[in-house]
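All of these numbers come straight from a predicted model, not from anything done at the bench. Note that these values count all heavy atoms, side chains included, but never hydrogens, waters or copies made by symmetry. Residue numbers begin at 1 in each chain, while the letters A, B, ... track the order of the sequences.
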Protein chains: 2
Amino acid sequence: MSGGHGHSAPPLLTALANAGVRVTEPRRAVAALVTAQDGHFTTAELVTAARAEHPGLGRATIFRALDLFTLLGLVERVDLPDGGHAWVACETAHHHHAICTRCGRSTEVDDHGLAEVLAEVAGRSGFRVTTHRLEVFGTCASCVAASA
Amino acid sequence: MSGGHGHSAPPLLTALANAGVRVTEPRRAVAALVTAQDGHFTTAELVTAARAEHPGLGRATIFRALDLFTLLGLVERVDLPDGGHAWVACETAHHHHAICTRCGRSTEVDDHGLAEVLAEVAGRSGFRVTTHRLEVFGTCASCVAASA
DNA sequence: GGTCCATCTGAGACACGGTATCAACTAGAC
DNA sequence: GTCTAGTTGATACCGTGTCTCAGATGGACC
């Protein structure tokens, strides 16, 4: 997948251009890799995929691109239950992820209701909440259906 | 703090004995270090503290003790916003932590209300929740008061 | 108290994830 | 086409956590 450039640019690249950073070949490559991922992916997985599909791509560049994408809100880092890190591509401003431990796909979960929970925490204890993180792990609808 | 053994054993050690594992000198040392921590602490901090107070204590032993304590539910690992890990001593079964980014202390937050949020997620999307993690960061009541 | 064995320990090598450095390259403005 | 700042890849490096293994030690049993 290195020749055809007739396809429409993925939103990731558009976002890069809009952010005023250079749209370089390596960044295109990382964007393509990220877009190709189905569900969450670890840095190691991305590096492996890169080695296969974009041999010249440096490891550091992948990390840098991921950092950049994070800064731009195009991907988000999630913390796995085992302490490791993974990434998911996303677009909306603030949300959470429900990660399927079977297929690896992640669903976005909105804040509905959580805000109240946090407000109550604040009210009761006087704790002033700056930021929070909610991660949900389990089995997604299709995997539940598949195993039923 | 290496001589007096007239003080009552901290709950950590009692728990060790109850769990049927050996109550060894190194484990006593790590337990003391953990107990001495005020709020959350990173492994690095614990290692540094150990170097000062228990020079003979090996790094691997600290990690192992921390693992053991986690298994026994005596400490819990939290994921910091920057991707790093920290630990908090705790006793209750399932709860979450509200971590003060100013003083480092952590308050336990119960599930009150969160269960409903998760139930709604499940109901709407068919996602079957196995486990979840909520971490709240902000400023605790006393730090808010202190800075007012 | 003494003996014994499984458990535990410490040292150090190792694997891994992520960062810093730096010369060379290139996107894109002019 | 030219130029420059931003970007890149290679590589060295650092911190965190794990593994191995010979030696030490807790505590059970005598």
Peer 1: Taking 5' to 3' order, which nucleotide of DNA chain D is first and which is last to have an atom within less than 4.0 Å of a heavy atom in chain B?
Peer 2: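 First and last nucleotides in contact are D:dT16 to D:dG27.
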Peer 1: List the residues meeting side chain to side chain donor-acceptor pair (under 3.5 Å) with B:Glu45, not counting sequence neighbours, and say none if there are none.
Peer 2: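 Listed in chain order: nothing, the list is empty.
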Peer 1: List for me each residue that meets side chain to side chain contact (heavy atoms under 4.5 Å, CB included) alongside B:Arg102, sequence neighbours excluded, and say none if there are none.
Peer 2: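 Partners of B:Arg102 under the side chain to side chain contact (heavy atoms under 4.5 Å, CB included) test: B:Cys100, B:Thr139, B:Cys143, B:Ser147.
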Peer 1: Give the dot-bracket string for DNA chain D, reading 5' to 3', where a pair is Watson-Crick or G-U wobble with both distances under 3.5 Å, ( ) marks pairs inside the strand, [ ] marks pairs crossing earlier ones, | marks a partner on another strand, and . marks unpaired.
Peer 2: ||||||||||||||||||||||||||||||
Peer 1: Output all residues satisfying side chain to side chain donor-acceptor pair (under 3.5 Å) with A:Thr43, sequence neighbours left out; order by chain, then residue number.
Peer 2: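 Partners of A:Thr43 by the side chain to side chain donor-acceptor pair (under 3.5 Å) criterion, ordered by chain and then number, come out as A:Trp87.
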Peer 1: Pick the nucleotide of DNA chain D nearest each of B:Arg28 and B:Thr43; which residue has the one closer to the 5' end?
Peer 2: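 Result: B:Thr43.
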Peer 1: For B:Leu71, check side chain to side chain contact (heavy atoms under 4.5 Å, CB included) against everything at least two apart and list the hits.
Peer 2: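 Once residues adjacent in sequence are excluded, B:Leu71 has no partner under the side chain to side chain contact (heavy atoms under 4.5 Å, CB included) criterion.
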Peer 1: Apply side chain to side chain donor-acceptor pair (under 3.5 Å) to B:Asp38 and list each qualifying residue two or more places apart in sequence or on a separate chain.
Peer 2: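 For B:Asp38 the side chain to side chain donor-acceptor pair (under 3.5 Å) partners, ignoring immediate neighbours, are B:Arg105.
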Peer 1: Using whole Å, report how far CG of B:Asp82 lies from P of C:dT19.
Peer 2: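 Answer to the nearest Å: 10 Å.
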Peer 1: Could you tell me which residues satisfy side chain to side chain contact (heavy atoms under 4.5 Å, CB included) with A:Ala50, sequence neighbours excluded, listed by chain and number?
Peer 2: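 Checked A:Ala50 against side chain to side chain contact (heavy atoms under 4.5 Å, CB included); matches are A:Leu33, A:Leu57, A:Ile62.
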Peer 1: What residues form a side chain to side chain donor-acceptor pair (under 3.5 Å) with A:Arg133, not counting sequence neighbours?
Peer 2: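 Listed in chain order: A:Asp79, B:Glu135.
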Peer 1: Return the set of residues passing ring pair (Phe, Tyr, Trp, His ring centres under 6.0 Å) with A:His97 (not counting sequence neighbours), or none when no residue passes.
Peer 2: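 A:His95.
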Peer 1: How would you summarise protein contacts on nucleotides 7-14 of chain C per nucleotide, using B for base, S for sugar-phosphate only and - for none, with heavy-atom distances below 4.0 Å?
Peer 2: BSBB----
Peer 1: Are side-chain heavy atoms of B:Gln37 and B:Leu46 found at a separation under 4.5 Å?
Peer 2: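 A side-chain contact exists here, since the closest heavy-atom pair is under 4.5 Å.
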Peer 1: Report the distance from atom CG of A:Leu66 to atom C1' of C:dT19, rounded to the nearest whole Å.
Peer 2: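 Rounding to the nearest Å, CG of A:Leu66 and C1' of C:dT19 are 14 Å apart.
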Peer 1: Roughly, in whole Å, what's the span from CG in A:Asp79 to P in C:dG18?
Peer 2: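 Atom-to-atom, A:Asp79 to C:dG18, this comes out as 11 Å.
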Peer 1: Only pairs under 3.5 Å count here: list side-chain donor-acceptor contacts from residues 24-31 of chain A, not counting sequence neighbours, and write none if there are none.
Peer 2:
unit_1  : atom_1 : unit_2  : atom_2 : d
A:Thr24 : OG1    : A:Arg27 : N      : 3.4
A:Glu25 : OE1    : A:Arg28 : NE     : 3.3
A:Arg27 : NH1    : A:Arg22 : O      : 2.9

